[in-house]
There are 2 protein chains.
Amino acid sequence: MVQEKGYSVSSSDSSRQKSKKPRQARDAEATQAQILDAAEEEFARYGLAGTKIDEIAARTGVVKAMIYYYFKSKEGLYQAVMQRIGSELDIVSEQLVSDSLSIQEAIEASIRSGITYGAMYPHRGMLWFYEAIQNQGQYGQSSGWQKSFWGITTILERGMAEGVVRSLDPFLTAINILGVCTFYFNAHENLKYLDPARQLLSAEAIEQQIQAAIDLIWAGIKA
Amino acid sequence: MVQEKGYSVSSSDSSRQKSKKPRQARDAEATQAQILDAAEEEFARYGLAGTKIDEIAARTGVVKAMIYYYFKSKEGLYQAVMQRIGSELDIVSEQLVSDSLSIQEAIEASIRSGITYGAMYPHRGMLWFYEAIQNQGQYGQSSGWQKSFWGITTILERGMAEGVVRSLDPFLTAINILGVCTFYFNAHENLKYLDPARQLLSAEAIEQQIQAAIDLIWAGIKA
DNA sequence: ATTTTAACTGAAAGTTTGGTCAGTAGTTGA
DNA sequence: TCAACTACTGACCAAACTTTCAGTTAAAAT
């Protein structure tokens, strides 16, 4: 449903932790992946213009010049980040719109898949916003989101045809479903002020949110 | 429901349009409001770090030094912007949680109010995200949102007690309702790529979205 | 061993941008 | 009409940030 490709797993792991490790011996691929990981998080926090190369370098433990060595410019690095996301993105699988699942199952699987992806990369939703707002989508309006959107509208239309989904606007409803799937993570930094005790990104909290979302949406659209 | 205070209306109007007007004669209040308007939009697009003072000055038609004259620093300007938003914010009125409305009416009014506010200031949702993600909410985690959130949980709890709302998690459901109300505007720049013909911010589109949201949410939570 | 290649570094150059300042010009009040 | 005040301006400075580069070290190739 959601899977990584390219860039070894180990590199991804090692760089996610902030502590400045002694850094591995010369390993081009690992270094690039580390830079990309740190860059992705920084870009997701501050956007293209707001991100500082020094900050990425500091987080990576690599010297600044390394970034230019591999990615030639800040923009080049940003492009590489967006490209990697695009290539990893395979959220709502093609199967969901096929006939193997019932409408209800397909909707539920879509929601579960969307929220699971959000839990895996809680910061990417913001990157997606940034890209459209700050850069007019010039660096890739990742087609993955589009696909999952149209997948949902298709399921909704089929549901209405079958009579299991009430009469509704598939376009707006798909937007609102996506909204439920993504808001939790986009607003996570805000929401934590509401109840600091609640661990919003814990596995149990995510599972509860998946159930709450499924219950809300399915009750909201069923005939 | 939603109302402005301070800063004259005319100033707000004149600066919203991008074309460089000849600028009015010396009018301290109007100039400040113009700067604040332009700053709010820029900050909402690029965040605190990503925004350039020169850009704000260019949009305002005022010279850069003017901004420092009135707001003393970029941070000061940002604070002023956040403060103005906080003072204008009066979204979900206190009445909604009172007994004058039925549960269903209160929920519908909350949704309508939230979306109407979003339509008025489509960019402010991003400012809200930025504030938490980039600045750890140090410049005001505008209490307005918090109030409307807890207002919704209260309504939901009352609804469950009355038996008109099904058994659900009020905390998560309130989050998801807020998600539906805000995603449409936050993602507006992304969504426009889906169907360029659709005018997402037109009055009719907004009204349709209000209806779609109300229908989805109420069907989703009613007993 | 020795040459070659590629990963890596520190420092400095070049550019952008936040912030200042001395001075100008309307406006108000005496 | 003159003085005092305040809005406003253009040029300039300093700090921050991006980008470059000459040089160093580890690994691979011969």
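Order of the sequence lines sets the chain letters (A, B, ...), proteins ahead of strands, with each chain counted from 1.
- Screening residues 196-206 of chain B for salt bridge (Lys or Arg N to Asp or Glu O under 4.0 Å), with sequence neighbours left out, gives A:D169-B:R198.
- Phosphate proximity of D:dC8 to B:T31: present, with a side-chain N or O under 4.0 Å from OP1 or OP2.
- Comparing D:dT6, D:dT9, D:dT18 against the side chain of B:Y69 picks out D:dT6 as the nearest.
- Legend: salt bridge (Lys or Arg N to Asp or Glu O under 4.0 Å) pairs involving residues 172-193 of chain A, not counting sequence neighbours, sorted by first then second residue: A:E189-A:K192.
- For the pair B:R45 (side chain) and A:I133 (backbone), a donor-acceptor distance under 3.5 Å is present.
- Here the P atom of nucleotide C:dA7 and the CE atom of A:M66 are 7 Å apart, to the nearest Å.
- Listed by chain and residue number, nothing satisfies the ring pair (Phe, Tyr, Trp, His ring centres under 6.0 Å) test with A:F129 (two or more places apart in sequence, or in another chain).
- Distance alone, capped at 3.5 Å, is enough to place a donor-acceptor pair between the B:D195 side chain and the B:A197 backbone.
- Listed by first then second residue, pairs satisfying side-chain hydrogen bond (donor to acceptor under 3.5 Å, both in side chains) with a partner in residues 66-75 of chain A read A:E75-A:Y139, not counting sequence neighbours.
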Review point. Which letters describe nucleotides 19-30 of chain D, given B = protein heavy atom under 4.0 Å from base, S = only from sugar-phosphate, - = neither?
Key: BBB---BB----
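- Rounded to whole Å, the distance from NZ on B:K52 to C1' on C:dT15 is 12 Å.
- For residues 170-192 of chain A, the pairs satisfying ring-ring contact (aromatic ring centres under 6.0 Å, His included) are A:F149-A:F171, with sequence neighbours left out.
- Atom-to-atom, CD1 of B:I67 to C1' of D:dA7 comes out at 15 Å; the value is rounded to the nearest Å.
- Atom CD in B:E55 sits about 18 Å away from atom C1' in C:dG19, given to the nearest Å.
- A straight line from CD of B:E42 to C1' of C:dT17 spans 14 Å, rounded to a whole angstrom.
- For A:Y46 and D:dC17, the OH to P distance is 12 Å, given to the nearest whole Å.
- Contacts of A:D54 with the nucleic acid, taken as non-hydrogen atoms under 4.0 Å apart, include base atoms.
- C:dT27 atom P lies 11 Å from atom CG of B:D27, rounded to whole Å.
- The CD1 atom of B:I56 sits 14 Å away from the C1' atom of C:dG19 (whole-angstrom rounding).
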